[in-house]
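Here is the structure we will look at.
Small disclaimer: the values here were computed from a predicted structure and weren't measured.
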Amino acid sequence: MLIETERLIIRDFKSDDANDLHEILSDDETMKNCEPAYNFEKTQKFLEEFCIAKQGAFAAALKDSGKVIGYILFNSWGDDIYEMGWIFNKKYWRQGYAYEACSELMAYGFREMNVHKVVAETIDAEKSVRLMEKLGMKREGIQRNQAKDRFGNWADLYFYGKLRSDNQKEALSQ
């Protein structure tokens, strides 16, 4: 798959993306709401076994340089329901890249893949929830103290979703 936005190319991962992906996954602050930061071996294994072999995620690469600055999970849950998640290089935070990439990938899923619903979950009640809402996702629930953060502390788990029909309504109103 290949999707172009104004500043990004969203594409399948390749083996030579290991260094760029490691720059993302090895950062403690970036991984704060996920799991402990990865060492290079874990990044390579994840890249090869999940991102490439299972095609479970896509790379968000800068159009001008090809540098991978984001990892976007877009994985089928079956019955035309997809889970979406994202992790972006912190050097590119607060510049609209995650929104640009995720909104285009979601629109592609609804338009080209006949996706019925896109779901996302997070323990990050601030940045990730804001992005989910900006993407037009609706809060579907909160499970209190449902998941542990990477330090072992209990955290609320926020569930969001967007239906294809929501996306079509948004397109008509613009």
Query raised in the report: Is there a path from M132 to I87 through hydrophobic residues (I, L, V, M, F, W, Y) whose side chains come within less than 4.5 Å of each other?
Result: no
**Report entry** Donor-acceptor contact present, side-chain D166 to main-chain L163, <3.5 Å
**Finding:** yes
Requested in this report: Specify the closest pair of heavy atoms between T122 and S128, including all atoms of both residues, with the distance to one decimal.
Outcome: OG1-CB, 3.4 Å
Query raised in the report: Near K42 NZ, under 6.0 Å, is it more than 12 heavy atoms from other residues, nucleotides or ligands?
Result: yes
Query - Residue list, side chain to side chain contact (heavy atoms under 4.5 Å, CB included) with E41, at least two apart or on another chain - result: N39
**Report entry** Distance-minimising heavy-atom pair for V68 and R11
**Finding:** CG2-NH2, 3.4 Å
Query raised in the report: For W77, what residues pass the side-chain hydrogen bond (donor to acceptor under 3.5 Å, both in side chains) criterion, not counting sequence neighbours?
Result: E83
Query raised in the report: Can you list the residues that meet the side-chain hydrogen bond (donor to acceptor under 3.5 Å, both in side chains) rule with D20, with sequence neighbours excluded?
Result: K67
Query raised in the report: Residues in side chain to side chain contact (heavy atoms under 4.5 Å, CB included) with D28, at least two apart?
Result: A37, R150
Query raised in the report: Are a donor atom and an acceptor atom from the side chains of E104 and T5 found within less than 3.5 Å of each other?
Result: no
Query raised in the report: Would you say D156's side chain and N145's backbone share a donor-acceptor pair under 3.5 angstrom?
Result: yes
Requested in this report: Would you kindly confirm whether L73 and L135 end up in one hydrophobic cluster when ILVMFWY residues are joined by side chain heavy atoms under 4.5 Å apart?
Outcome: no
Query raised in the report: salt bridge (Lys or Arg N to Asp or Glu O under 4.0 Å) with E4: which residues, sequence neighbours excluded?
Result: K63
Query raised in the report: Is the backbone of K91 close enough, under 3.5 Å, to the side chain of Q95 for a donor and an acceptor to pair up by distance?
Result: yes
Query raised in the report: Hey, what do you get for CZ (F58) to CG (L2), rounding to the nearest 0.5 Å?
Result: 10.5 Å
Report summary line: Residues at least two apart in sequence or cross-chain that pass side chain to side chain contact (heavy atoms under 4.5 Å, CB included) with A98, listed by chain then number, are F88, L131
Report summary line: Closest heavy-atom pair, I3 versus M1, reported as atoms and distance to 0.1 Å, is CD1-SD, 3.6 Å
Report task. Kindly write out the residues that satisfy side chain to side chain contact (heavy atoms under 4.5 Å, CB included) with D16, not counting sequence neighbours, or none if the list is empty. Result -> K14
Quick one: side chains of residues 107-118, donor-acceptor pairs under 3.5 Å with protein atoms, not counting sequence neighbours, listed by atom name and distance.
from	atom 1	to	atom 2	distance (Å)
N114	OD1	R164	NH1	2.7
K117	NZ	E140	OE1	3.1
K117	NZ	E140	OE2	3.0

Query - side-chain hydrogen bond (donor to acceptor under 3.5 Å, both in side chains) against E49, all qualifying residues, sequence neighbours excluded - result: none
Query raised in the report: Should L157 and W154 be counted in the same cluster of Ile, Leu, Val, Met, Phe, Trp and Tyr side chains packed under 4.5 Å apart?
Result: no
Report task. Determine the minimum heavy-atom distance between C102 and M84, stating which atoms define it. Result -> O-CE, 3.6 Å
Query raised in the report: In chain order, what residues pass the side-chain hydrogen bond (donor to acceptor under 3.5 Å, both in side chains) check against E121, with sequence neighbours excluded?
Result: none
Query - Pairs meeting criterion ring-ring contact (aromatic ring centres under 6.0 Å, His included) with involvement of residues 10-44, two or more places apart - result: H22-F40, Y38-F46
Query - Salt-bridge contact E133-K138 (side-chain N to carboxylate O under 4.0 Å) - result: no
**Report entry** Under 3.5 Å: donor-acceptor pair, side chain of Q44, backbone of A18
**Finding:** no
Requested in this report: With sequence neighbours excluded, tell me which residues meet salt bridge (Lys or Arg N to Asp or Glu O under 4.0 Å) with K45.
Outcome: none
Requested in this report: Just say parallel, tilted or perpendicular for the rings of Y92 and Y97, cut-offs at 30° and 60°.
Outcome: perpendicular
